[in-house]
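Structure, as structure tokens:
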2 protein chains.
Amino acid sequence: MPQGLSTNDTARLETVINTARMVKRGEVLFRPGDNFDALYAIRSGSLKTTLTSANGREQVMGLHLGGDTIGLEAFDNGHQVCQAAALEDSSVCVIPQKQFERACRENASIQRRLSQIMSAELVRKSAQILILGTLRADERVAALLLDVSARLHRRGYANDEFNLRLTRHDMGSLLGITLETVSRTLSRFQANGLIETRGKLIHIRDFNRLLAV
Amino acid sequence: MPQGLSTNDTARLETVINTARMVKRGEVLFRPGDNFDALYAIRSGSLKTTLTSANGREQVMGLHLGGDTIGLEAFDNGHQVCQAAALEDSSVCVIPQKQFERACRENASIQRRLSQIMSAELVRKSAQILILGTLRADERVAALLLDVSARLHRRGYANDEFNLRLTRHDMGSLLGITLETVSRTLSRFQANGLIETRGKLIHIRDFNRLLAV
DNA sequence: CGTCACCTTGATTCCGCTCAAGTGTGGTGG
DNA sequence: CCACCACACTTGAGCGGAATCAAGGTGACG
């Protein structure tokens with residue numbers, strides 16, 4: 001969140017981020033319709049956001065890792081639109097909306113940073129639309145693995161081995177395919193030596209061939 | 001754009017929006033990689049935004065009508081990520097980024113309005129992800145027709161008849177299906193009395209059955 | 001009035017879904 | 001600590017919806 005801010009601006013930001021909150025695995029951080037009283041910056045762990053349509057179908061909108069900020073959709077009409085649930089025991093920074101808005105008003109850098117974060121989220125969603133609109137099943141799975149790998153790498157973790165806390169069902173929902181297709185695709189990737197999996201643990205063995213779809 | 005702003009705030013906003021620009025049908029307003037020097041508020045007409053992936057597949061990201069603001073993704077890294085092209089002769093307000101940022105700094109209402117616009121765009125993209133991830137072809141086509149209808153209605157136009165300037169190909173791309181499927185679906189809707197079409201002109205005859213997928 | 005892009009409709013193919021059965025596996029309570 | 005149980009995962013068989021391939025038809029514009 002403080003990325004690109006000076007030490008002074010970061011200090012100002014920290015005055016509004018006074019509380020951390022634990023979210024246990026499976027616990028829901030916010031639901032559609034909740035009042036917009038805070039943004040949440042993920043400190044550790046991972047969450048998924050989901051949206052359920054009128055006819056009851058659930059779609060996983062995103063997988064969110066440490067460093068991500070969630071709840072941004074609520075600026076629109078003052079209410080949350082997604083549901084956010086923890087995939088593992090996680091810790092989030094609570095950023096009270098009122099105080100954060102004041103900070104934005106007083107500090108142009110923080111304000112610009114907010115625009116940047118929201119814009120980055122727009123880009124992320126655009127990428128997801130591209131995946132859902134143009135890729136075949138195996139390409140989607142490869143794209144997910146490479147995306148998670150790159151995001152972890154950017155945060156200083158190993159990029160070739162990680163725990164993907166999503167279930168096969170959630171991965172399928174995120175990618176617009178069924179859990180069976182996800183499972184089969186991962187099995188095939190493993191058979192072809194692209195990856196190794198053991199349950200939720202994923203080891204990428206051949207980045208080039210995974211990139212080549 | 002000035003929605004929800006006081007007359008004073010609107011006046012302040014208008015000081016930065018000094019130029020209108022015509023964009024002829026087929027003309028490109030901005031491209032991926034262009035420097036972020038302005039946002040664009042659509043005054044009249046319609047545009048499409050598209051994104052082309054590394055392997056050359058093009059995805060229509062959105063259909064943008066009068067009142068919409070485009071170019072918001074560029075806050076992320078200072079460059080445009082989508083391509084915006086006019087679907088018909090259109091007019092857009094040019095909002096120079098530098099001056100707009102100053103206005104945001106000086107005027108908290110304008111700043112809040114920016115957050116709101118970006119958030120609304122996040123919600124719109126979420127809805128598109130939901131469509132691409134969960135709906136079948138005929139449901140997607142129905143969703144598009146109803147979405148356009150509702151947006152026009154909100155702007156005071158008739159909600160049961162409109163000109164959809166997208167080609168079948170673009171509609172298909174937007175919805176993640178092929179142009180043939182779009183064409184067949186529209187024909188079937190017409191045969192069943194849900195709509196009437198004559199080329200790009202669309203007349204909705206039965207909202208209820210269209211809603212019922 | 002000819003040309004070109006867009007659209008419609010049909011035939012066939014195939015990718016991913018559905019249905020089904022069996023195999024882990026982690027969390028809980030005895 | 002172990003046994004159990006619910007839930008998650010894997011794999012197979014068959015089907016179906018949408019893609020692909022193909023062949024006209026339609027309309028806008030110079």
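Chain letters run A, B, ... following the sequence lines, proteins first, then strands; residues in each count from 1.
- No side-chain N or O of His203(B) forms a donor-acceptor pair with one of Thr197(B) less than 3.5 Å apart.
- Panel note: side chain Asp206(A), backbone Asn208(A); a donor-acceptor pair is recorded below 3.5 Å.
- In this structure, a donor-acceptor pair under 3.5 Å is present between the side chains of Ser46(B) and Glu88(B).
- Checked for salt-bridge contact, Arg124(B) and Glu121(B) meet the test: a charged N lies under 4.0 Å from a carboxylate O.
- With a cutoff of under 4.0 Å to any heavy atom of chain A, the contacted region of DNA chain D is bounded 5' to 3' by dA8(D) to dA13(D).
- Heavy-atom minimum distance, Lys200(B) versus Thr167(B): NZ-CA, 3.7 Å.
- A 6.0 Å sphere centred on CZ of Arg57(A) holds more than 12 heavy atoms belonging to other residues, nucleotides or ligands.
- Residue Leu65(B) holds its CG atom at 10.0 Å from CZ of Arg154(B), rounded to the nearest 0.5 Å.
- Taken residue by residue, residues 187-204 of chain B places heavy atoms nearer than 4.0 Å to DNA chain C at Ser187(B), Lys200(B).
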For nucleotides 14-24 of chain C, read 5' to 3', which letter fits each nucleotide if B means a protein heavy atom sits under 4.0 Å from the base, S means only the sugar-phosphate is that close, and - means neither? --SSBB-----
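- Ring pair Phe75(A)/Phe36(A) is perpendicular by interplanar angle, where above 60° counts as perpendicular and below 30° as parallel.
- More than 12 heavy atoms of other shown residues, nucleotides or ligands fall within 6.0 angstrom of atom CZ in Phe207(B).
- Using a distance-only test at 3.5 Å, with no hydrogens or angles considered, no donor-acceptor pair links the side chain of Arg168(B) to the main chain of Leu179(B).
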